[in-house]
Amino acid sequence: MKIGYPCINRTLGCTGDRTFRLKSYSEERLVAAVANNLDCLMTMLRFNADHNMLFFRITSDLVPFASHPVNRFDWKGRFGAEFEEAGAFIREHDIRISMHPDQFTVINSPDPGVSKRSIRELLYHADVLDSMALDTTARIQIHVGGVYGDRDQSIRRFESVFRELPVQVKRRLAVENDDRLYGLRDCLSVSRQTGIPVIFDTLHHGALNSGEDIETAVEAASRTWTTETGMPMVDYSSQRVEGRRGRHVESIDLEDFALFLETTKPYDFDIMLEIKDKEESALKAVQAARRDPRFIHTEQHS
DNA sequence: AATGGTCAAGTCAGC
DNA sequence: GCTGACTTGACCATT
């Protein structure tokens, strides 16, 4: 079991997702942003390794406008050494990596333009992980997509698009249950048809489920992972008590987290903490998991 | 220098 | 039909 947080660190004083407006696009700005973002990525990775946080989600904003036609710059070539350096560090410290393209990435859209742009975006994500020479346990997580008035047909469209995906993308994809359209049961069904591993999101499951309790859900999702795809990934967040639907909490509820660890004891997986205060909660979770036999310790003997 | 409207992209619920 | 949520900060035009 490894514990981590997504994309940005709020205490290190660097922003790893610097971007700029499309209107002000220039090669100069792009190079400056990517240089900054890769530099900050290294800072975050070092911090994480120092603090026993061995699961990390790399931001999709690492390379601004990466899949946009405006960007014809060879960022892979220009920053090859930096990507290799980050990859070497990740491999050396055995850090688990995920990426999560945002909601515009919808491969099952009936609009071929949307689907095509989504695949280009996925290729960008695969390029990042490939440039770091990471194996296929580094995953790109997406949702099934839209319903378009016909769930079954839309699921089938996801599956047929998946089968035609470029292999670089195909080998890294993971599908995550969402909170209003496609729940765990749908993702498991997609997994049976395609072999895609399922990332279980606890908060989404709270909003949309078929009655599965947490243990059942974690068990079922875990079975979709292999040695090829790695340790199962779980997105964990608890519901804000008097918050709006689906909102992430400010900071981790350690009581709830302890209960979650207890409930899922028979299964091992990596936990991504989707919580507003990012590394602060992850640090607390690492402390809480310290005595858990599943938890991987890397701190120096002392 | 401070501010606040706005930012590449999609989909759906709710009005 | 249109707006807001999803999630969020920060860019940058305007003052």
Side-chain angles (χ1 to χ4, degrees), chain A residues 5-26 28-30 32-34 36-37 40 44 57-73 75 98-125 140-151 153-155 157-158 161 175-183 186 199 201-208 235-240 243-251 272-281:
Chain A
Y5 61 95
C7 305
I8 58 169
N9 183 304
R10 327 240 281 197
T11 52
L12 284 177
C14 73
T15 53
D17 57 352
R18 212 175 101 196
T19 184
F20 50 89
R21 297 286 179 264
L22 178 59
K23 271 195 284 190
S24 57
Y25 181 92
S26 74
E28 212 178 351
R29 275 176 179 276
L30 180 76
V34 177
N36 168 81
N37 292 347
C40 186
M44 291 190 283
R57 182 182 299 163
I58 295 175
T59 178
S60 296
D61 292 330
L62 189 67
V63 181
F65 307 105
S67 72
H68 192 283
V70 75
N71 185 347
R72 310 249 207 79
F73 184 71
W75 50 268
S98 68
M99 294 187 82
H100 193 352
D102 63 12
Q103 72 264 35
F104 310 111
T105 303
V106 186
I107 66 170
N108 82 335
S109 175
D111 179 337
V114 171
S115 190
K116 200 174 130 197
R117 285 191 290 278
S118 296
I119 293 168
R120 272 211 300 269
E121 179 71 357
L122 288 171
L123 272 168
Y124 149 61
H125 284 76
I140 302 169
Q141 62 188 95
I142 60 171
H143 299 293
V144 176
V147 169
Y148 315 101
D150 188 336
R151 293 176 56 80
Q153 202 192 328
S154 296
I155 287 179
R157 198 163 50 244
F158 178 96
V161 171
V175 68
E176 175 199 347
N177 59 305
D178 69 72
D179 58 353
R180 47 193 195 115
L181 304 177
Y182 296 105
D186 301 310
I199 295 180
D201 184 304
T202 61
L203 182 61
H204 292 163
H205 190 71
L208 176 68
D235 285 353
Y236 172 89
S237 176
S238 36
Q239 179 72 49
R240 179 151 64 184
R244 306 164 51 85
R245 178 186 68 95
R247 266 305 189 53
H248 288 167
V249 288
E250 284 299 320
S251 188
M272 179 59 60
L273 293 163
E274 295 190 319
I275 295 175
K276 242 182 141 162
D277 65 2
K278 307 281 179 185
E279 79 287 351
E280 241 170 89
S281 281

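It should be emphasised that the depicted structure is a prediction, and the values quoted were computed from it without experimental measurement. Numbers restart at 1 for each chain; the letters A, B, ... are given by sequence-line order, proteins then strands.
Nucleotides of DNA chain C nearest to R10(A) and F20(A) differ in position, and the one nearer the 5' end is that of R10(A).
Comparing dT7(C) with dT6(B), their C1' atoms sit 15 Å apart, to the nearest whole Å. For dG4(B) and dT8(C), the P atoms lie 22 Å apart once the distance is rounded to whole Å. Only the C1' atoms considered, dC11(C) is 15 Å distant from dA8(B), to the nearest whole Å. Annotation: dG9(C) and dC12(B) have their C1' atoms spaced 25 Å apart (nearest Å). As rounded to the nearest Å, dG4(C) and dC7(B) have C1' atoms that lie 16 Å from one another.
Ring pair W75(A)/Y124(A): centre-to-centre distance below 6.0 Å.
Checked by atom type and distance alone, the side chain of N177(A) pairs as donor or acceptor with a backbone atom of D201(A) at under 3.5 Å. Side-chain atoms of S109(A) never come within 3.5 Å of backbone atoms of S115(A) as a donor-acceptor pair (strictly under, hydrogens ignored). Using a distance-only test at 3.5 Å, with no hydrogens or angles considered, no donor-acceptor pair links the side chain of R57(A) to the main chain of H100(A).
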Quick one: which protein N/O atoms are closer than 3.5 Å to N/O atoms of nucleotides 9-13 of chain B? Pair and distance per line, please.
{"from": "dG10(B)", "atom 1": "OP1", "to": "R117(A)", "atom 2": "NH2", "distance (Å)": "3.3"}
{"from": "dT11(B)", "atom 1": "OP1", "to": "S109(A)", "atom 2": "OG", "distance (Å)": "2.7"}
{"from": "dT11(B)", "atom 1": "OP1", "to": "Y148(A)", "atom 2": "OH", "distance (Å)": "2.5"}
{"from": "dT11(B)", "atom 1": "O2", "to": "R180(A)", "atom 2": "NH2", "distance (Å)": "3.3"}
{"from": "dC12(B)", "atom 1": "OP1", "to": "V147(A)", "atom 2": "N", "distance (Å)": "2.5"}
{"from": "dC12(B)", "atom 1": "OP1", "to": "Y148(A)", "atom 2": "N", "distance (Å)": "2.8"}
{"from": "dC12(B)", "atom 1": "O4'", "to": "R180(A)", "atom 2": "NH1", "distance (Å)": "3.2"}

Any protein N or O atoms within reach of nucleotides 13-15 of chain C? Criterion: under 3.5 Å, listing atom names and distances.
none

Can you give me the N/O atom pairs linking the protein to nucleotides 3-6 of chain B at distances under 3.5 Å, or say none if there are none?
{"from": "dT6(B)", "atom 1": "O2", "to": "R21(A)", "atom 2": "NH2", "distance (Å)": "3.3"}

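In this model, a donor atom of one side chain and an acceptor atom of the other lie less than 3.5 Å apart for E121(A) and S67(A). No side-chain donor from either of S154(A) and N108(A) sits under 3.5 Å from a side-chain acceptor of the other. Side-chain polar atoms of N9(A) and T11(A) form a donor-acceptor pair below 3.5 angstrom. H143(A) and Q103(A) share no donor-acceptor pair across their side chains, judged by distance under 3.5 Å alone.
Separating the CG atom of D17(A) from the P atom of dC7(B) is a distance of 19 Å, rounded to the nearest angstrom. One can place OH of Y124(A) at 16 Å from P of dA8(B), the figure rounded to the nearest angstrom. The CG-P distance, from D277(A) to dT7(C), rounds to 16 Å in whole Å. Atom CG in L208(A) sits about 21 Å away from atom P in dA5(C), given to the nearest Å. Atom CG in D179(A) sits about 12 Å away from atom C1' in dT7(C), given to the nearest Å. Atoms CD (E274(A)) and P (dT7(C)) sit 8 Å apart, rounded to a whole Å. Atom CD1 of I8(A) and atom P of dT8(C) are 8 Å apart (whole Å). Separating the CD atom of E176(A) from the P atom of dC6(C) is a distance of 15 Å, rounded to the nearest angstrom.
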Whenever both distances are under 3.5 Å in a Watson-Crick or G-U wobble pair, mark it; put DNA chain C into dot-bracket that way, with [ ] for crossing pairs and | when the partner is on another strand. ||||||..|||||||
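By the side chain to side chain contact (heavy atoms under 4.5 Å, CB included) test, D61(A) is found to be paired with D17(A), T59(A), residues two or more places apart in sequence or in another chain being considered.
When each of I107(A), V106(A), I140(A) is checked for a side-chain contact (heavy atoms from CB on, under 4.5 Å) with P101(A), only I140(A) meets the rule.
Contacts classified as salt bridge (charged side-chain N to carboxylate O under 4.0 Å, His left out) and involving residues 140-151 of chain A (residues at least two apart or in different chains) are given here: R151(A)-D186(A).
Considering all non-hydrogen atoms of both residues, M272(A) and S98(A) come closest at CE-OG, 3.9 Å. Summarising the geometry of S281(A) relative to L273(A), their closest heavy-atom pair is O-CD1, 4.0 Å, with the distance given to 0.1 Å.
Ring geometry for Y25(A) against F65(A) counts as perpendicular: the plane angle is over 60°, on a 0 to 90° scale with 30° as the lower cut.
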If you apply the rule ring pair (Phe, Tyr, Trp, His ring centres under 6.0 Å), what do you find for F158(A) with Y182(A), and how did you get there? CA-CA 12 Å; F158(A) 178 96; Y182(A) 296 105; 8.4 Å; no
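Within 4.0 Å (heavy atoms only), R120(A) reaches no atom of the nucleic acid at all.
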